[in-house]
Amino acid sequence: MQNPKLSIIITHYRTPDILRDCLSVLKKEINSIGYEIIVADGETDKRIMSELRREYPDVLFIENIENIGFSKLVNQGLEKAQGDFLFVINADIITKKEKDILDIVDYMEKNTDVGIIGPRLFNINGSVQQTYFRNYTLLTILARRTFLGKTRLGKKILDKFMYKDANMSGPFEPDWILGAAMMMNNKRLVKIGGKFDERFFMYFEDGYLCRRIKIAGF
């Protein structure tokens, strides 16, 4: 689609059935906004990719021989995206209804100081997935990766890292949000370079992107 309002960029790595579910729901639910779907695929299986292209001829698939990492996959999608708004998601994200996406777009349109929006995500069993965090510190890393996390001090450090001390009612601005689902304005992203930092193969790239957005004044 030329000049779509929304570009949905899906990062995918060797889970075609999950990707099919994601695409099927998006194609079924989104009807009242111009959009395009771009799938950036890591370590592409040619046979499966051929099947997906036949099933979804209007989806743009980007193939990669190797597993190039999350940042590079996202950036490949961003380079092709034409939408005013960019919705970067993992292939295991399922949108239950179109309104969920339209509400995020509407909020970003009305709040020009917003750089990134992360929607609330739910696990398969209905529990809320942790998607917002405070910035890492050395103690945070130690608490997450060593025995420190099992101590009273370690649990206190992790609770603070995950904002267990904050009131989560209504829109909330954390230090950073998980890269599993991010809505961004294309022009605002361009102001910080228009892409993720590819020095990060996987992990930390989302936190660093949020930091860059904040430094830019959003």
Side-chain angles (χ1 to χ4, degrees), residues 6-23 26 36-53 56 59-83 85-95 115-119 121 123 129-138 140-141 144-145 161-162 174-186 188-216 218:
L6 176 66
S7 295
I8 302 173
I9 300 167
I10 305 172
T11 60
H12 174 249
Y13 179 72
R14 301 177 68 87
T15 55
D17 290 338
I18 291 175
L19 176 60
R20 281 189 173 93
D21 288 342
C22 178
L23 290 171
L26 287 172
E36 63 179 355
I37 299 177
I38 303 168
V39 176
D41 187 52
E43 205 170 308
T44 299
D45 182 310
K46 292 289 187 179
R47 179 185 61 80
I48 293 174
M49 184 55 63
S50 178
E51 293 175 359
L52 287 168
R53 289 184 189 279
Y56 299 97
V59 173
L60 173 61
F61 292 93
I62 302 172
E63 299 182 23
N64 291 280
I65 297 174
E66 300 176 346
N67 178 16
I68 62 173
F70 180 75
S71 295
K72 288 184 178 181
L73 286 177
V74 174
N75 287 343
Q76 286 182 342
L78 292 174
E79 288 174 3
K80 300 292 185 181
Q82 302 179 62
F85 298 92
L86 311 165
F87 193 32
V88 177
I89 60 174
N90 289 346
D92 60 353
I93 298 295
I94 300 295
T95 304
I116 301 175
I117 295 178
L121 302 182
N123 298 308
Q129 183 178 351
Q130 180 77 33
T131 57
Y132 48 87
F133 306 91
R134 282 191 168 94
N135 286 329
Y136 277 98
T137 66
L138 177 58
T140 305
I141 296 171
R144 296 195 78 186
R145 301 298 182 187
F161 174 67
M162 295 187 289
D175 286 340
W176 63 280
I177 60 173
L178 196 66
M182 287 180 160
M183 178 79 74
M184 295 171 280
N185 176 288
N186 204 339
R188 295 171 210 171
L189 183 64
V190 167
K191 289 185 177 181
I192 64 162
K195 63 180 182 179
F196 282 62
D197 192 322
E198 294 185 0
R199 290 177 297 177
F200 300 96
F201 181 82
M202 190 169 67
Y203 303 121
F204 298 108
E205 70 288 307
D206 42 14
Y208 188 52
L209 181 73
C210 290
R211 179 176 174 80
R212 290 162 59 202
I213 283 285
K214 285 176 178 284
I215 290 172
F218 296 112

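Values below: every heavy atom of this structure, side chains too, minus hydrogens, waters and symmetry copies.
- Looking at every heavy atom in both residues, N90 comes nearest to G179 through OD1-O, 4.4 Å.
- The CZ atom of F61 sits 11.5 Å away from atom CD1 of I38, with the distance rounded to the nearest 0.5 Å.
- A distance of 10.0 Å separates CZ in R14 from OG1 in T44, rounded to the nearest 0.5 Å.
- Atom-to-atom distance recorded for M183:CE and L6:CG is 5.5 Å, nearest 0.5 angstrom.
- The minimum heavy-atom distance between I10 and A91, with the atom names listed, is CG2-CA, 3.7 Å.
- N75 and K195 get closest at one heavy-atom pair: OD1-CB, 3.0 Å.
- Residue L73 comes nearest to G42 through the heavy atom pair CD2-N, 3.9 Å, listed as atom of the first residue, atom of the second, then distance.
- A 4.5 Å side-chain heavy-atom check between I68 and E198 finds every atom pair outside the cut-off.
- Listed by chain and residue number, nothing satisfies the ring-ring contact (aromatic ring centres under 6.0 Å, His included) test with Y56 (two or more places apart in sequence, or in another chain).
- Ring-plane geometry between Y208 and F200 is classed as tilted, the angle between the planes lying from 30 to 60 degrees on a 0 to 90 degree scale.
- Taking the side chain to side chain donor-acceptor pair (under 3.5 Å) definition, one finds that Y203 meets it with nothing, sequence neighbours left out.
- Sorted by first and then second residue, the pairs that involve residues 60-71 and meet side-chain hydrogen bond (donor to acceptor under 3.5 Å, both in side chains), not counting sequence neighbours, are K46-E63, R53-E63, N64-Q76.
- Sparse packing is recorded around CD1 of I65, with 12 or fewer heavy atoms of other residues, nucleotides or ligands lying under 6.0 Å away.
- Every side chain to side chain contact (heavy atoms under 4.5 Å, CB included) that K214 has, sequence neighbours left out, goes to E173.
- The structure places CG of L78 at 6.0 Å from CG of L86, a figure rounded to the nearest 0.5 Å.
- Side-chain atoms of W176 come within 3.5 Å of backbone atoms of R134 as a donor-acceptor pair (strictly under, hydrogens ignored).
- T140 pairs by the side chain to side chain donor-acceptor pair (under 3.5 Å) definition with T137, not counting sequence neighbours.
- Scored by the side chain to side chain contact (heavy atoms under 4.5 Å, CB included) test, N123 finds N125, S127, Q129 as partners (sequence neighbours excluded).
- E51 pairs by the side chain to side chain donor-acceptor pair (under 3.5 Å) definition with R20, R47, not counting sequence neighbours.
- Two residues are said to be in side-chain contact when any heavy atoms from C-beta on lie closer than 4.5 Å; C210 and M182 meet this criterion.
- Of the candidates I62, L52, L23, L60, V39 forms a side-chain contact (heavy atoms from CB on, under 4.5 Å) with just one, namely L23.
- Here R145 pairs with I141 under the side chain to side chain contact (heavy atoms under 4.5 Å, CB included) rule; sequence neighbours left out.
- At a threshold of 4.5 Å between non-hydrogen side-chain atoms, the residues T11 and F70 count as touching.
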- Task: Before giving the answer on side-chain contact (heavy atoms from CB on, under 4.5 Å), spell out for F204 and D197 the whole-Å C-alpha distance, their side-chain angles and the decisive distance to 0.1 Å.
- Result: CA-CA 10 Å; F204 298 108; D197 192 322; over 6 Å; no
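- Applying the ring-ring contact (aromatic ring centres under 6.0 Å, His included) rule to Y13 yields no partners; only residues at least two apart in sequence or on another chain are considered.
- Residue E36 comes nearest to G83 through the heavy atom pair OE2-N, 3.8 Å, listed as atom of the first residue, atom of the second, then distance.
- Applying the salt bridge (charged side-chain N to carboxylate O under 4.0 Å, His left out) test to pairs two or more places apart or on separate chains, none has a residue in residues 202-212.
- Residues passing the side chain to side chain donor-acceptor pair (under 3.5 Å) test with N185: none are found, sequence neighbours excluded.
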- Kindly determine whether F133 and M162 satisfy side-chain contact (heavy atoms from CB on, under 4.5 Å), including the steps that lead there. CA-CA 5 Å; F133 306 91; M162 295 187 289; 4.1 Å; yes
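- Between I89 and C22, the shortest heavy-atom contact is CD1-SG, 3.9 Å.
- Evaluation of the side chain to side chain contact (heavy atoms under 4.5 Å, CB included) rule for I213 yields I116, I192, F218 as partners, not counting sequence neighbours.
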